[in-house]
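Taking it in order: structure first as structure tokens, then the write-up.
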Amino acid sequence: MKHLIINADDFGYSRGANYAIVDSHRHGVLTSTTIMPAMPGFEHAVELAKENPDLGIGIHLTLTCGYPLLEGHKTLVKENGEFPRLGFYEDPDTEISIDEVHREWEAQIQRVLNAGIKPTHLDSHHHIHTYKGLGPLFIELAQKYDLPVRNS
């Protein structure tokens with residue numbers, strides 16, 4: 001038997017994105033989504049997730065959009081405290097603290113778990129886990145939380 005998973009990223013990005021994802025699930029073929037724990041629509045997404053228990057929800061780890069959950073990062077944020085865009089990580093001269101990423105991603109995973117969501121998988125916004133040597137940390141967290149990863 002073949003099994004097809006159709007996934008939509010960015011659950012929690014905004015109320016509009018959240019409603020689009022849930023509508024696609026209820027009235028279409030969407031079977032899975034990935035939630036962004038550090039985005040403004042997170043709490044709304046959690047409410048919708050609880051109303052749609054057959055929607056698979058993975059965790060969409062973020063470093064390139066919005067603001068971190070934790071304060072005090074020195075290498076992961078711009079002067080205004082916001083995460084930098086993807087180009088920051090594409091620059092070969094950019095140096096980041098793997099420890100900061102580890103703490104931030106742990107906080108993002110814990111926020112999802114603390115919201116009562118049992119995640120189905122792990123992935124990252126803009127595939128950021130494939131940049132700056134973050135792959136091993138990504139795999140370590142996937143193993144720690146016993147989560148499959150979406151292939152990218």
### Task
Provide the full list of ring pair (Phe, Tyr, Trp, His ring centres under 6.0 Å) pairs with a residue in residues 76-110, sequence neighbours left out, each pair given once.
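Qualifying pairs: none.
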### Task
Hey, could you give me each pair passing ring pair (Phe, Tyr, Trp, His ring centres under 6.0 Å) that has a residue in residues 20-64? Not counting sequence neighbours.
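Those involving residues 20-64 are Tyr19-His44, His60-His125.
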How about [X] and [Y]: do any of their side-chain heavy atoms sit closer than 4.5 Å?
X	Y	value
Thr31	Leu4	no
Phe11	Thr34	no
His121	Ile5	no
Tyr145	Leu113	yes
Arg26	Glu51	yes

Kindly work out whether a path of hydrophobic side-chain contacts (I/L/V/M/F/W/Y, heavy atoms less than 4.5 Å apart) joins [X] to [Y].
X	Y	answer
Leu48	Tyr13	no
Phe138	Leu147	yes
Leu70	Met39	no
Val112	Leu61	yes

### Task
Verify, without hydrogens or angle tests, whether Ser97 (side chain) and Glu100 (backbone) share a donor-acceptor contact under 3.5 angstrom.
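Yes; at least one donor-acceptor contact below 3.5 Å.
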### Task
Could you tell me whether the side chain of Thr33 and the main chain of Ala8 form a donor-acceptor pair under 3.5 Å?
yes
Quick one: closest heavy-atom pair of [X] and [Y], and the distance?
X	Y	result
Ala49	Ile57	CB-CD1, 3.1 Å
Thr120	Gly56	CG2-CA, 3.8 Å
Val77	Pro84	CA-CD, 4.1 Å
Asn18	Ala45	ND2-N, 3.4 Å
Gly133	Ile98	O-CD1, 4.3 Å
Pro68	His73	CB-CD2, 3.6 Å

#### Entry: Test side chain to side chain contact (heavy atoms under 4.5 Å, CB included) applied to Ser14 - qualifying residues, sequence neighbours left out
Ala17
From [X] [atom1] over to [Y] [atom2], what is the distance, rounded to the nearest 0.5 angstrom?
X	Y	atom1	atom2	value
Glu90	Lys132	CD	NZ	9.5 Å
Ile128	Ile96	CD1	CD1	7.0 Å
Tyr131	Thr64	OH	OG1	9.0 Å
Leu55	Lys50	CG	NZ	14.0 Å
Ile109	Ile117	CD1	CD1	13.0 Å
Gln108	Ile35	CD	CD1	11.0 Å

### Task
State whether the number of non-hydrogen atoms from other residues, nucleotides or ligands found under 6.0 Å of Lys74 atom NZ is greater than 12.
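At most 12 heavy atoms, drawn from other residues, nucleotides or ligands, come within 6.0 Å of this atom.
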### Message
How about CG on Asp146, more than 12 heavy atoms from neighbouring residues, nucleotides or ligands closer than 6.0 Å, or not?
### Response
no
### Query
Which residue pairs pass the salt bridge (charged side-chain N to carboxylate O under 4.0 Å, His left out) test when at least one of the two sits in residues 8-21, sequence neighbours left out?
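Passing the test, one end in residues 8-21: Asp9-Arg150.
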### Query
Can you list the steps and then say if Leu134 with Leu63 is a side chain to side chain contact (heavy atoms under 4.5 Å, CB included)?
CA-CA 11 Å; Leu134 296 176; Leu63 294 176; 3.8 Å; yes
### Task
Tell me, please, which residues at least two apart from Tyr67 pass side-chain hydrogen bond (donor to acceptor under 3.5 Å, both in side chains).
none
### Message
Apply the hydrophobic cluster definition, ILVMFWY joined by side-chain contacts under 4.5 Å directly or through others, and give me every member besides Leu69.
### Response
none
